[in-house]
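One structure is given here, and the rest of the page talks about it.
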Amino acid sequence: AHDGEGGGEKNGFEGRGSGTIRSGARPGRRGQASVATRLGREAQALRASAGQEAQATDDVLLKIADVKSKATELASLGLDPVGTREPGDDLGESEQALVRGIRAAGEVLCEGLLEREVEVKLLLLAALTGEHLLLLGPPGTAKSELARRLSKVCHGRYFERLLTRFSVPEELFGPLSMKGLEEDRYQRQVHGYLPTAQVAFVDEIFKANSAILNALLTLLNERLFDNGAERMEVPLLCLVGASNELPESEELDALYDRFLIRRTVGQVSSQGLRDLARLASSGTTTRQFHTDEAPLSLEDFLSCRDRAIASVEVPDRVVDLLVQLREHLQDKCEPPVYVSDRRFTKCVTFLQVAAFANGAKEVSVYDCLLLQFVLGQRKEDGDKVLDFVLENISSDPGILQNELSLLGVFGRACRVLQSSSGDTSELLSECEALVSSLRGQHESFNSALELGFPHLRGSLWYSPQQVASAGQVLTPPMKENLKKIEQLLEEILMVKLCLEGGHHAEVLEKLLPKRLKQYEKGVSKTA
């Protein structure tokens with residue numbers, strides 16, 4: 001049938017004549033030539049487009065390779081192991097003398113004692129901080145000997161008592177003054193008793209009854225004693241309390257909290273019994289401790305805390321660790337470990353003194369390992385504190401924070417490069433800050449691993465066994481995190497190089513496909 005109104009379908013190719021080519025009909029020669037020409041042009045256009053795409057792809061690949069190579073090279077710069085300064089190098093002459101005196105005092109206190117290195121260090125640290133030490137353990141483990149030695153090293157007045165359930169206040173605070181009673185004054189003769197002592201040892205301290213307890217609490221915390229109508233200041237530097245067991249009565253909780261540092265003392269180990277026998281055979285175990293050495297004066301002990309507070313900084317990293325540790329103990333441990341506000345604030349001063357004694361100008365996270373002897377209500381709580389601090393040191397929450405910052409910078413960089421407009425100066429500044437932060441973390445981790453944890457080995461407060469044990473726990477996760485830091489450093493340098501080179505967003509997206517997926521997932525969640 002011929003084409004008419006509404007008749008037949010057009011093939012889509014119009015002929016040169018007045019008619020049209022019917023569907024299924026063969027075109028003429030000119031029609032065939034026209035079709036061939038058009039198809040040829042389309043094929044040529046497709047080949048040109050494919051060539052342009054291939055060329056564009058090649059350009060992107062070249063830029064990707066170039067950026068990756070430069071980022072790897074830049075990331076490796078400055079990542080060699082670096083040495084650490086010796087403690088006390090930048091201290092004044094008087095501070096250096098104090099640091100040397102503290103180390104010498106520790107050696108004097110340890111002389112002739114076996115397996116009591118940790119207890120001696122804690123006793124010395126308690127005295128320097130102006131705090132009290134609680135020693136828990138069976139009789140015959142040299143608890144009273146430690147306190148006597150401290151009094152002789154610091155040349156302070158010494159007081160010692162054993163409490164029983166029937167002890168009366170006169171045993172600690174002195175008898176009533178007969179002359180005062182004659183004059184209608186309720187006063188005690190305190191000379192030679194606890195209110196005038198500078199170093200004291202009270203055995204079975206949790207046997208204290210309510211008549212003793214009230215006065216003892218004020219004396220320990222505020223260093224004040226109410227002698228009749230007169231409130232007097234007491235010169236107490238450090239009181240060492242001893243007990244065979246933890247307090248069971250709630251009325252003793254306040255007394256227990258007054259002891260900032262707590263340590264469980266055990267018997268000499270089986271491995272050390274031979275050495276103990278040799279000490280006994282030489283008469284060392286029965287000989288009274290005496291020293292003519294005076295590595296530290298009483299004034300040095302009394303002034304150490306104020307000097308530490310004035311000269312030692314507490315960085316944000318340590319503050320964050322303290323806050324997280326308290327939250328962990330009270331909210332995530334079972335049973336919860338209560339940390340009073342008083343104990344929390346005293347922890348800060350305690351760490352400042354520990355750092356000052358090592359000749360440091362700021363508290364280190366490694367100093368926080370000492371908190372195992374400060375925070376906790378039961379013996380096993382110390383292990384919880386130690387585990388948390390070690391995990392915090394090895395993981396460093398700052399790594400996660402830097403990774404999140406990298407993701408944010410990556411997303412904004414992609415948008416800026418996609419639009420080919422916008423100011424990149426702010427993004428470049430953020431890149432520089434991230435590079436600096438990651439390099440600092442790398443230096444800290446790398447130095448610790450390569451140099452065998454110098455902050456621990458060079459510390460006065462840790463024994464070789466403690467250093468070795470901590471190193472075994474810290475090394476594996478720190479090695480893994482070191483690799484992660486290196487990867488993050490390389491990635492942020494890629495972002496920086498793309499911004500500096502003004503590359504298209506496609507280059508950055510193909511360089512960091514993992515970050516692209518994370519960013520898109522985050523955007524979709526907020527949409």
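With a 6.0 Å cutoff to the six-membered ring centre and a 45° limit on the axis angle, Arg326 counts as a cation-pi contact of Phe344.
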Discussion item. Thr141 vs Gln267, test: side chain to side chain donor-acceptor pair (under 3.5 Å). Steps then yes/no.
Written reply: CA-CA 6 Å; Thr141 50; Gln267 293 179 306; over 6 Å; no
Discussion item. As a quick check of understanding, evaluate side chain to side chain donor-acceptor pair (under 3.5 Å) for Ser269 and Glu115, giving each step before the final call.
Written reply: CA-CA 8 Å; Ser269 65; Glu115 296 183 2; 2.5 Å; yes
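For residues 306-322, the set of pairs meeting the salt bridge (charged side-chain N to carboxylate O under 4.0 Å, His left out) definition, not counting sequence neighbours, comprises Arg317-Asp396.
Residues Gln418 and Arg415 bring no donor and acceptor atom of their side chains to less than 3.5 Å of each other. Defined by atom type and a distance below 3.5 Å, a donor-acceptor pair is missing between the side-chain atoms of Asp66 and Ser69. Judged by distance alone, the side chains of Thr72 and Glu490 do bring a donor and an acceptor atom under 3.5 Å apart.
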Output side-chain donor-acceptor pairs under 3.5 Å for residues 328-337, partner residues at least two apart or in another chain, one line each.
{"residue": "Gln330", "atom": "OE1", "partner": "Val339", "partner atom": "N", "Å": "2.9"}

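With values rounded to the nearest 0.5 angstrom, Thr424 atom OG1 is found 8.5 Å from Glu500 atom CD. Considering CG of Leu122 and CG of Leu260, their distance stands at 10.5 Å, rounded to 0.5 Å.
Checked against salt bridge (Lys or Arg N to Asp or Glu O under 4.0 Å), Arg231 has the following partners two or more places apart in sequence or in another chain: Asp226.
Taking the charged nitrogens against the carboxylate oxygens, Glu111 and Arg149 have no contact shorter than 4.0 Å, which rules out a salt bridge.
Looking at Glu93 and Gln96, their side chains never come closer than 4.5 Å, going by heavy atoms from C-beta outward. A heavy-atom distance below 4.5 Å is not found between the side chains of His132 and Val240.
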